[in-house]
Novice: 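The following block contains the structure, expressed as structure tokens.
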Amino acid sequence: MLDNHLHLDPERGRGMEAVDEFARLGGSHLLIVNQPSWKLGVESVDPEAFRSVFETTIEIAAEATAHLPGRAWPILGAHPGLISRLVEDHGCSPAEARDCMQAVLDIAAEYVREGRALGLKSGRPHYEVSDEVWTASNDVMKHAFKLGAELDCAVQLHTEASEDLTEVAEWAADRGLPAHKVVKHYAGSRLAGPTPSVMSNKDWIETAAEAGEPFLMETDFIDDPDRPGAVLGPKTVPRRVRWLREQGYNEAIRTAHVETPQRVYGIDTESTLS
């Protein structure tokens with residue numbers, strides 16, 4: 001079983017202890033998304049400074065793979081909240097912040113091109129921002145779609161809560177990236193447009209299972225000792241899968257953990273089991 005979106009911090013957080021906990025309950029595969037750059041001490045307007053964030057994430061994914069019966073893959077990119085830090089803390093204009101974040105995505109794309117990462121991360125703020133920052137954020141996201149199309153890789157999105165992101169999916173399609181390769185992280189049980197990565201509480205997962213449409217499951221575990229319990233823990237996906245099986249949703253389990261990962265990322269969660 002796959003947790004589609006979580007973070008690990010072996011230095012400050014639980015790190016491999018969380019991976020072991022996931023595996024003990026039956027978890028097999030992880031998509032590990034890089035921490036927001038500022039959480040790893042990168043406060044810079046130089047895109048090259050972000051390489052350390054990506055290298056750290058790749059190292060964490062490799063270490064996690066050694067603890068799993070399946071494997072882990074890194075997802076790399078720029079957290080959409082970075083634009084506010086660049087504008088408010090570093091004095092960038094929205095256009096300058098946009099250019100910086102697009103260049104960070106270009107670097108992330110290098111790792112995907114080399115086969116060292118599976119996909120890209122982008123999005124737009126889920127909080128209120130100025131019109132200029134909103135437009136710049138959408139431009140960053142569109143650039144991620146362009147790169148995803150060139151690389152034939154998925155783009156995970158961090159956005160505002162919504163049940164309808166068809167416009168965003170159309171932006172991706174216009175740039176050559178199929179809508180199903182756009183993944184809405186922290187999705188609810190219903191979503192039009194991208195593939196939903198559903199937060200794994202029982203109600204949302206059951207609604208997604210009943211719908212019979214492609215979906216993924218995630219915890220958004222943040223591995224931050226300063227915010228214990230902020231989101232779901234690493235045991236959650238295995239526990240929810242067990243619960244879905246008890247409810248008779250075997251087809252939905254296969255959809256979320258075999259068929260949708262293959263369709264979206266091109267990964268085989270069966271043949272990669274040891």
Side-chain angles (χ1 to χ4, degrees), residues 3-19 21-22 30-64 67 72-92 97-98 100-112 116-127 129 133 136-137 140-141 144 155-160 183-186 197 199 218-234 236:
D3 187 333
N4 181 68
H5 185 110
L6 85 166
H7 310 274
L8 292 173
D9 188 342
E11 295 297 320
R12 298 179 59 251
R14 298 182 61 202
M16 296 307 121
E17 178 189 341
V19 177
E21 196 171 82
F22 171 75
L30 295 171
L31 295 192
I32 300 172
V33 183
N34 64 258
Q35 293 274 15
S37 49
W38 55 92
K39 287 193 174 184
L40 295 179
V42 174
E43 295 277 5
S44 178
V45 297
D46 178 7
E48 287 294 327
F50 292 77
R51 285 190 187 273
S52 65
V53 175
F54 300 153
E55 293 285 351
T56 295
T57 308
I58 290 168
E59 291 169 5
I60 291 169
E63 186 176 1
H67 289 247
W73 292 272
I75 302 289
L76 306 179
H79 189 285
L82 176 61
I83 196 165
S84 297
R85 300 183 78 90
L86 291 172
V87 170
E88 296 169 12
D89 298 342
H90 295 278
C92 294
R98 174 202 65 208
C100 176
M101 293 175 70
Q102 288 180 341
V104 170
L105 284 167
D106 289 339
I107 293 171
E110 292 177 18
Y111 291 96
V112 177
R116 300 179 66 197
L118 184 64
L120 299 173
K121 163 189 175 178
S122 188
R124 61 190 182 193
H126 62 277
Y127 48 87
V129 294
V133 168
S137 296
V140 172
M141 187 164 51
V155 177
Q156 283 201 17
L157 296 183
H158 179 125
T159 74
E160 73 280 7
V183 179
K184 168 69 170 88
H185 142 65
Y186 211 115
S197 181
M199 282 295 285
E218 70 165 79
T219 57
D220 191 28
F221 177 61
I222 60 174
D223 205 10
D224 186 345
D226 296 331
R227 298 175 63 197
V231 285
L232 302 177
T236 308

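All residue numbers in this chain count up from 1 along the given sequence.
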Novice: Output all residues satisfying ring pair (Phe, Tyr, Trp, His ring centres under 6.0 Å) with H90, sequence neighbours left out; order by chain, then residue number.
Specialist: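 So H90 forms no ring pair (Phe, Tyr, Trp, His ring centres under 6.0 Å) with any residue.
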Novice: Looking only at heavy atoms, which two atoms of A144 and V155 are closest? And how far apart?
Specialist: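 Taking every non-hydrogen atom into account, O-CG2, 3.6 Å.
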Novice: Under the salt bridge (charged side-chain N to carboxylate O under 4.0 Å, His left out) rule, collect the residues that match up with D9, sequence neighbours excluded.
Specialist: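 Only R12 meet the salt bridge (charged side-chain N to carboxylate O under 4.0 Å, His left out) criterion with D9.
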Novice: Determine the interplanar angle of the F54 and Y111 rings, folded into 0 to 90°, and report it as parallel if under 30°, tilted if 30 to 60°, perpendicular if over 60°.
Specialist: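 Answer is perpendicular, since the angle exceeds 60°.
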Novice: Going from CD on E55 to CG on L40, what distance comes out if it is rounded to the nearest 0.5 angstrom?
Specialist: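 Between E55 CD and L40 CG, I get 12.5 Å after rounding to 0.5 Å.
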Novice: Got a sec, which pairs hit salt bridge (charged side-chain N to carboxylate O under 4.0 Å, His left out) with one end in residues 76-89, sequence neighbours left out?
Specialist: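 Residue pairs with at least one partner in residues 76-89: E43-R85.
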Novice: For residues 30-40, pull every pair meeting side chain to side chain donor-acceptor pair (under 3.5 Å), keeping only residues two or more places apart or in separate chains.
Specialist: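 Every pair satisfying side chain to side chain donor-acceptor pair (under 3.5 Å) with a residue in residues 30-40: there are none.
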Novice: Rounded to the nearest 0.5 Å, how far does CD of Q156 lie from CG of L31?
Specialist: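 With rounding to 0.5 Å, CG (L31) is 6.0 Å from CD (Q156).
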Novice: Who passes side-chain contact (heavy atoms from CB on, under 4.5 Å) against A61, sequence neighbours left out?
Specialist: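 Residues passing side-chain contact (heavy atoms from CB on, under 4.5 Å) with A61: I32, A72, P74.
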Novice: V183 and S197: which non-hydrogen atoms are nearest, and at how many Å?
Specialist: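 In terms of heavy atoms, the two residues are closest at CG1-CB, 3.8 Å.
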Novice: Using the side chain to side chain donor-acceptor pair (under 3.5 Å) criterion, which residues pair with S52? Sequence neighbours excluded.
Specialist: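 Scan of S52 (side chain to side chain donor-acceptor pair (under 3.5 Å), adjacent residues dropped) gives none.
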Novice: Tell me, please, which residues at least two apart from D106 pass side chain to side chain donor-acceptor pair (under 3.5 Å).
Specialist: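 Here the qualifying residues are H143.
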Novice: What pairs with P10 under side-chain contact (heavy atoms from CB on, under 4.5 Å), at least two apart in sequence or on another chain?
Specialist: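 Once residues adjacent in sequence are excluded, the partners of P10 under the side-chain contact (heavy atoms from CB on, under 4.5 Å) criterion are M16, I60.
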Novice: Say you draw a straight line from CG of L30 to CG of N4; how long is it, rounded to the nearest 0.5 Å?
Specialist: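 One gets 10.5 Å once the value is rounded to the nearest 0.5 Å.
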Novice: With side chain to side chain contact (heavy atoms under 4.5 Å, CB included) as the criterion, how do L86 and M101 come out once you've worked through the C-alpha distance, each side chain's angles and the decisive distance to 0.1 Å?
Specialist: CA-CA 9 Å; L86 291 172; M101 293 175 70; 3.9 Å; yes
Novice: Mind checking what makes side chain to side chain donor-acceptor pair (under 3.5 Å) contact with R14, not counting sequence neighbours?
Specialist: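 Only E17, E21 meet the side chain to side chain donor-acceptor pair (under 3.5 Å) criterion with R14.
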Novice: Of all heavy-atom pairs between A97 and I83, which one has the smallest distance, and what is that distance?
Specialist: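 A97 and I83 have their closest heavy atoms at CB-CG1, 3.7 Å.
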Novice: Are side-chain heavy atoms of L6 and V231 found at a separation under 4.5 Å?
Specialist: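 L6 does not reach V231 side chain to side chain.
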Novice: Calculate, to the nearest 0.5 Å, the distance between atoms NZ and OG1 belonging to K121 and T57 respectively.
Specialist: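 So the gap between those two atoms works out to 8.5 Å.
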Novice: Using 0.5 Å steps for rounding, measure from the CG atom of D3 to the CZ atom of F221.
Specialist: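 It comes to 10.0 Å.
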Novice: Using salt bridge (charged side-chain N to carboxylate O under 4.0 Å, His left out) as the criterion, list what pairs up with E160, not counting sequence neighbours.
Specialist: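 Once residues adjacent in sequence are excluded, the partners of E160 under the salt bridge (charged side-chain N to carboxylate O under 4.0 Å, His left out) criterion are R124.
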Novice: Could you work out, with side chain to side chain donor-acceptor pair (under 3.5 Å) as the rule, every residue matching E48, not counting sequence neighbours?
Specialist: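 Expected list: R51.
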Novice: At their closest point, which heavy atom of G123 faces which heavy atom of P80, and how far apart are they?
Specialist: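 The pair with the smallest heavy-atom distance is C-CB, 3.6 Å.
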Novice: Which value, rounded to the nearest 0.5 Å, describes the distance between T219 atom OG1 and H7 atom NE2?
Specialist: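 Rounded to the nearest 0.5 Å, the OG1-NE2 separation comes to 8.5 Å.
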Novice: Given side chains that start at C-beta, do those of S122 and V140 come closer than 4.5 Å, heavy atoms only?
Specialist: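 Side chain of S122 against side chain of V140, heavy atoms only: contact under 4.5 Å found.
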Novice: Side chains of D220 and L232: closer than 4.5 Å at any heavy-atom pair?
Specialist: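 The answer is no, as the side chains (C-beta and beyond) never meet within the 4.5 Å cut-off.
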Novice: Nearest heavy-atom pair of C92 and V45: which atoms, and what distance?
Specialist: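 Minimum heavy-atom contact is SG-CG1, 3.7 Å.
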Novice: Could you pull out the closest heavy-atom pair between S84 and Y127, with the gap in Å?
Specialist: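 What the structure gives for the nearest pair is OG-OH, 2.6 Å.
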